[in-house]
Undergrad: 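The structure is given below, and queries will be raised subsequently.
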Amino acid sequence: MTENLVIVESPAKAKTIEKFLGKDFTVKSSFGHIRDLSKKKLGIDTEKNYKPEYIISDDKKKVVEELKKITKESKTIWLASDEDREGEAIAWHLCEVLKLDKAKTRRIVFHEITKDAILNAIQNPRDINQSLVNAQQARRVLDRLVGFEISPILWKKVKPALSAGRVQSVAVRLIVDREREVIAFNSESFFKVTGFFQGKTPFKADLSEKLKNQKDAIAFLELCKTSDFQVSNVTKKPSKRTPAPPFTTSTLQQEASRKLNFSVAQTMTLAQRLYEAGHITYMRTDSLNLSATAIEAAKNMIIKEFGEKYHHTRTFKTKSKGAQEAHEAIRPTYLDKQKVSGTSAEQRLYELIWKRTIASQMSEALVEKTTVNINVSKSPLTFIASGEVIQFDGFLRVYFESTDDELEDTTKDILPQLIKGQNVDVNQIVATQRFTQKPPRFTEASLVKKLEELGIGRPSTYAPTISTILNRGYVLKEDRPGTERKYQIVTLKNGKITDSEKVEQTGAEKAKLFPSDIGMVVNDFLVEHFPKIVDFNFTATVEKEFDTIAIGKKEWTEMIDKFYKPFHVNVEKTLKESDYSKGERVLGNDPKSGKSVSVRIGRFGPVAQIGETNSETGEKPQYASLLKGQLIESITLEEALALFNLPRNLGEYEGKEVVIGVGRFGPYVRHNSKFFSLKKTDDPLTITKERAVELIEEGRKKASERLIQTFKEEPELQVLNGRWGPYISFKKANYKIPKGTDPKTLSYEECMKIIEQQPATNGKKRKPGVKSKAK
DNA sequence: CAGTGAGCGAGCTTCCGCTTGACTT
């Protein structure tokens with residue numbers, strides 16, 4: 001017989017708590033929610049006051065069985081799931097499913113996993129808050145109704161297996177809207193003028209105004225030729241910089257992306273491992289709060305390491321919308337541990353968390369900003385030099401927060417001593433042509449930031465939401481090469497004005513989110529037919545209602561009814577009245593045939609078409625697939641027409657034709673009925689024969705290196721070099737080669753031994769775009 | 001490595017949030 005059973009959500013949390021509580025307590029985990037609406041059906045009886053039908057899924061049956069058994073043997077059951085509405089619902093589902101006796105069940109909550117907090121919680125048990133549970137049921141039911149009623153419309157009107165939802169559809173909308181801003185953007189050029197002056201040491205100053213064009217730039221430099229330069233003003237301003245708050249899920253994802261180049265999913269996997277190893281607190285949180293013990297530990301650490309002067313206790317208020325404050329901020333469990341063991345990625349993430357946490361409890365940095373104005377005697381324009389001197393580094397000693405801005409030179413120089421009225425010499429003045437910047441495309445992390453600002457999604461869903469919109473094919477995460485751009489430079493040096501032209505790379509993108517054609521068509525369909533659902537404020541609006549339900553001032557079923565009645569009418573209407581949506585755009589006429597040229601989404605993706613089907617003459621249109629990176633939205637008539645030049649015959653090589661085409665696996669070179677893929681930077685429309693031959697030779701070389709070993713004993717056994725390194729192939733199945741083994745010297749016997757010891761991973765093919773999921 | 005929405009047609013796809021493995025690739 002167990003005295004006390006405590007149930008929490010996470011097994012790692014259970015382990016920690018068990019240590020605090022001693023042997024009268026057994027601590028178990030529910031592994032999150034133990035039941036949910038059926039995955040196959042709507043699972044809501046819209047006729048019977050929205051009664052949800054909850055099901056224990058197969059992967060939860062074992063957990064539930066075990067909990068059932070232990071609860072029967074326990075005197076008191078403490079439900080210790082999180083204090084937010086999901087946590088409350090978990091506790092309620094546990095009561096219902098385990099049929100817990102009210103008399104021996106207690107609900108407790110704590111906000112930090114410390115011994116005091118837990119013991120305190122045990123002293124203050126309460127009942128389950130049914131209103132809070134109902135707010136969760138409303139949230140769950142609303143999401144299900146939206147997702148399961150709109151998605152099937154998309155299957156009929158756009159393409160099968162698509163999806164829509166309160167969170168994902170807004171995420172896609174953000175990306176589509178941004179892409180349209182980028183498409184509509186017209187870059188304008190101007191001239192930025194920088195003077196290189198000479199004080200005691202050389203320094204730089206920028207002209208206060210941008211000049212419109214090269215003519216103006218030259219005219220200004222002409223004036224400078226015979227001008228004097230005088231310091232007209234020197235101002236010194238002390239300023240402060242304060243440290244950023246400790247990490248939440250969203251800010252951790254952003255900083256890990258900016259500083260360590262981790263994807264959002266990568267960051268979460270690494271954080272999970274650090275959490276399970278006991279190195280950090282819980283990683284799915286929106287709280288900025290640090291426990292009293294953590295603040296104390298940080299204080300000791302900082303004073304010991306840097307001195308009293310560097311310490312400053314701070315508490316931070318959570319500002320994000322819809323924050324539910326069930327946990328602490330993400331911080332090291334033991335602040336005196338500056339490093340932990342683990343993979344290099346784990347260590348780097350830990351270090352980032354450690355620095356950010358420690359910095360949040362450190363003093364402000366004191367900075368003196370100096371601004372110097374320099375008059376040009378023959379022009380009303382002035383040069384402005386700004387410098388920054390850090391007088392006390394404070395928290396900067398440990399950590400500085402990065403930003404999304406990709407500005408060129410934000411580094412502030414140290415200025416020499418300058419006095420008002422002093423004349424300065426100029427070494428040279430350079431006017432450089434610059435260009436206004438298009439709005440930045442989203443990265444995974446900047447999308448998370450935006451979603452959090454809008455109060456959409458939760459710490460536990462940011463990473464999965466991004467996976468969903470990528471898996472549905474609404475959005476692509478890609479690198480795109482930039483284009484070359486010429487720019488002009490006008491220089492005044494030694495009394496002479498010269499101009500020159502330079503070339504720079506511009507517009508290159510790395511790991512940015514681009515909408516696909518399907519993403520744009522689905523978005524436009526939803527914006528047209530379900531504007532309310534994809535409104536950026538929809539979540540905020542319903543959240544307010546959930547809050548009212550949570551304090552018992554509104555029935556959840558009434559709220560849902562008010563939403564569902566008109567929503568469902570709209571669903572029926574859209575099913576009946578809306579057209580099949582293929583995003584068609586007519587581009588103009590083909591100059592050769594005079595027939596119309598259009599683009600749209602076809603059965604196999606975006607396609608360009610010349611002419612129409614004519615049932616009388618039996619005439620059929622010509623088709624050509626769009627290339628990667630081309631959008632229905634922005635493709636031009638010329639670009640579309642060029643697609644019909646494929647496949648292109650480039651002539652003969654070694655007596656066989658060299659043909660460029662685009663197939664299921666992308667652009668290729670075909671030669672002697674062998675296929676070689678084009679590289680990302682190769683354009684199938686313009687690739688030369690020389691380059692194609694290069695690819696053919698390269699492909700042959702790769703193929704020859706593929707085979708590492710064959711064996712006389714067994715023709716079906718081979719050691720091969722694959723995309724993931726060397727492996728063993730035997731009877732169409734593949735086997736890993738153990739680490740530290742040289743594939744070149746493996747004997748027949750050794751191979752067979754490896755095969756016996758390993759389960760075969762026979763190259764099963766997955767459909768592209770289908771999410772891999774454990775069965 | 002081609003096709004470019006139907007007309008024989010079963011049955012399938014889908015949401016958001018709470019959790020961790022079990023899996024290739």
Side-chain angles (χ1 to χ4, degrees), chain A residues 8-13 29-37 39-43 59-60 63 81-82 84-87 89-90 93 136 139-169 269 272 275-276 282 284 324 326 456-462 464-465 468 472 539 580-582 600-609 613 620-625 647 659 661-670 673-677 722-725 727 734 736 759 761-766 770 772-775:
Chain A
V8 295
E9 284 108 319
S10 144
K13 193 167 160 183
S29 151
S30 73
F31 294 82
H33 275 295
I34 52 159
R35 62 174 190 177
D36 188 16
L37 301 173
K39 273 200 165 44
K40 298 272 157 228
K41 301 184 300 176
L42 184 64
D59 53 334
K60 284 291 158 62
V63 180
S81 45
D82 295 344
D84 57 20
R85 70 178 175 232
E86 295 297 330
I90 288 173
H93 282 303
Q136 192 274 347
R139 199 280 304 154
R140 182 69 192 91
V141 166
L142 178 103
D143 282 338
R144 172 52 68 90
L145 290 171
V146 168
F148 273 42
E149 294 218 348
I150 299 183
S151 298
I153 306 180
L154 296 177
W155 306 344
K156 279 197 180 137
K157 304 289 184 178
V158 183
K159 209 179 102 168
L162 295 176
S163 66
R166 174 176 59 81
V167 173
Q168 60 169 289
S169 296
T269 311
Q272 175 87 29
Y275 168 67
E276 283 169 9
Y282 197 59
R284 291 186 276 261
Q324 297 181 10
I456 299 172
R458 304 280 316 134
S460 66
T461 61
Y462 296 136
T465 298
T468 299
R472 297 277 172 274
T539 292
Y580 188 81
S581 214
K582 46 192 173 183
R600 65 182 164 85
I601 292 181
R603 174 79 185 81
F604 306 104
V607 65
Q609 173 176 348
T613 319
K620 278 187 181 168
Q622 271 184 281
Y623 297 105
S625 287
V659 177
V662 177
R664 199 148 106 65
F665 311 120
Y668 61 82
V669 189
R670 195 184 71 218
S673 52
K674 284 202 178 68
F675 292 87
F676 307 92
S677 287
R723 210 178 137 192
W724 313 96
Y727 66 99
N734 301 335
K736 254 189 246 168
T761 59
N762 65 333
K764 255 188 240 162
K765 283 203 181 99
R766 278 213 197 108
V770 172
S772 65
K773 227 179 172 182
K775 273 153 251 158

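If you're wondering where the values come from, they're calculated on a predicted model, not measured in any experiment. In what follows, chains carry the letters A, B, and so on, assigned in the order in which the sequence lines appear, proteins first and then strands, with residues in each chain numbered from 1.
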Undergrad: Counting distance alone, no hydrogens or angles: does the base of B/dC18 have a donor or acceptor under 3.5 Å from a partner atom on the side chain of A/R284?
TA: no
Undergrad: Not counting sequence neighbours, which residues clear salt bridge (Lys or Arg N to Asp or Glu O under 4.0 Å) with A/K13? List them please.
TA: A/E9, A/D82
Undergrad: A/K41: which residues meet the salt bridge (Lys or Arg N to Asp or Glu O under 4.0 Å) condition with it, sequence neighbours left out?
TA: A/E53
Undergrad: Name the nucleic acid region contacted by A/G666, choosing base, sugar-phosphate or nothing; use a 4.0 angstrom heavy-atom cut-off, strictly under.
TA: base
Undergrad: The criterion is side chain to side chain donor-acceptor pair (under 3.5 Å); which residues satisfy it with A/S81, sequence neighbours excluded?
TA: A/R107
Undergrad: Excluding sequence neighbours, so at least two apart, what forms ring-ring contact (aromatic ring centres under 6.0 Å, His included) with A/F675?
TA: A/Y668
Undergrad: Under 4.0 Å between any heavy atoms, over every strand shown, what does A/Y282 touch: base, sugar-phosphate, or nothing? Just pick one.
TA: sugar-phosphate
Undergrad: For DNA chain B, which ranges pair as stems of 3 or more consecutive Watson-Crick or G-U pairs, with both donor-acceptor distances under 3.5 Å?
TA: none
Undergrad: Nearest whole Å is fine: how far is B/dC18 C1' from A/R35 CZ?
TA: 14 Å
Undergrad: Which is true for A/G32 with a 4.0 Å heavy-atom rule: it touches a base, it touches only sugar-phosphate, or it touches nothing?
TA: base
Undergrad: Can you tell me the distance, in whole Å, between the CG atom of A/L37 and the P atom of B/dG17?
TA: 14 Å
Undergrad: Who passes ring-ring contact (aromatic ring centres under 6.0 Å, His included) against A/Y275, sequence neighbours left out?
TA: A/Y282
Undergrad: Taking A/R144 first and then A/E149, would you say they form a salt bridge - that is, a charged N and a carboxylate O separated by under 4.0 Å?
TA: no
Undergrad: For A/S10 and B/dC18, is the shortest distance between a side-chain N/O and OP1 or OP2 below 4.0 Å?
TA: no
Undergrad: Measure the distance from CZ on A/R85 to C1' on B/dC18 and round it to the nearest whole Å.
TA: 12 Å
Undergrad: Can you tell me if the side-chain N/O atoms of A/T461 get under 4.0 Å from OP1 or OP2 in B/dG17?
TA: yes
Undergrad: Between P on B/dG17 and NE2 on A/H93, what's the gap in Å once rounded to a whole number?
TA: 15 Å
Undergrad: From CG of A/D84 over to P of B/dG17, roughly how many Å is that when rounded to an integer?
TA: 12 Å
Undergrad: Provide the closest heavy-atom pair for A/F31 versus A/V63 in the form atom of the first, atom of the second, distance.
TA: CD1-CG2, 4.0 Å
Undergrad: Could you walk me through whether A/S163 and A/R472 pass side-chain hydrogen bond (donor to acceptor under 3.5 Å, both in side chains), step by step?
TA: CA-CA 7 Å; A/S163 66; A/R472 297 277 172 274; 2.7 Å; yes
Undergrad: Strictly under 3.5 Å: I want the nitrogen or oxygen pairs between protein and nucleotides 2-5 of chain B, one per line.
TA:
from: B/dA2; atom 1: OP2; to: A/Y668; atom 2: OH; distance (Å): 3.3
from: B/dT4; atom 1: O4; to: A/S625; atom 2: OG; distance (Å): 3.3
from: B/dG5; atom 1: OP2; to: A/R600; atom 2: NH1; distance (Å): 2.2
from: B/dG5; atom 1: OP2; to: A/R600; atom 2: NH2; distance (Å): 2.9

Undergrad: B/dC16 C1' sits how many Å from A/E86 CD, rounded?
TA: 8 Å
Undergrad: Mind checking what makes side chain to side chain contact (heavy atoms under 4.5 Å, CB included) contact with A/P647, not counting sequence neighbours?
TA: A/V659
Undergrad: When the distance from CG of A/D82 to P of B/dC18 is rounded to whole Å, what number comes out?
TA: 8 Å
Undergrad: Enumerate the residue pairs fulfilling salt bridge (Lys or Arg N to Asp or Glu O under 4.0 Å) with a member in residues 153-166 of chain A, sequence neighbours excluded, ordered by first and then second residue.
TA: A/D143-A/R166
Undergrad: List for me each residue that meets side chain to side chain donor-acceptor pair (under 3.5 Å) alongside A/Q622, sequence neighbours excluded, and say none if there are none.
TA: none
Undergrad: Grab the N/O contacts between the protein and nucleotides 7-14 of chain B below 3.5 Å, and write none if there aren't any.
TA:
from: B/dT13; atom 1: OP1; to: A/K40; atom 2: NZ; distance (Å): 2.3
from: B/dT13; atom 1: O2; to: A/A161; atom 2: N; distance (Å): 2.5
from: B/dT14; atom 1: O2; to: A/G147; atom 2: O; distance (Å): 3.4
from: B/dT14; atom 1: O4; to: A/K40; atom 2: O; distance (Å): 3.1

Undergrad: Could you check A/S677 against A/R166 and say which one's nearest nucleotide on DNA chain B is further toward the 5' end?
TA: A/S677
Undergrad: When all nucleic acid strands are considered with a 4.0 Å heavy-atom cut-off, which category describes A/P464: base, sugar-phosphate, or nothing?
TA: nothing
Undergrad: With sequence neighbours left out, write down each residue that passes ring-ring contact (aromatic ring centres under 6.0 Å, His included) with A/H93, or none if nothing qualifies.
TA: A/Y54
Undergrad: For A/R458 and B/dC16, is the shortest distance between a side-chain N/O and OP1 or OP2 below 4.0 Å?
TA: no
Undergrad: Grab the CG-P distance between A/D59 and B/dT20 for me, whole Å please.
TA: 13 Å
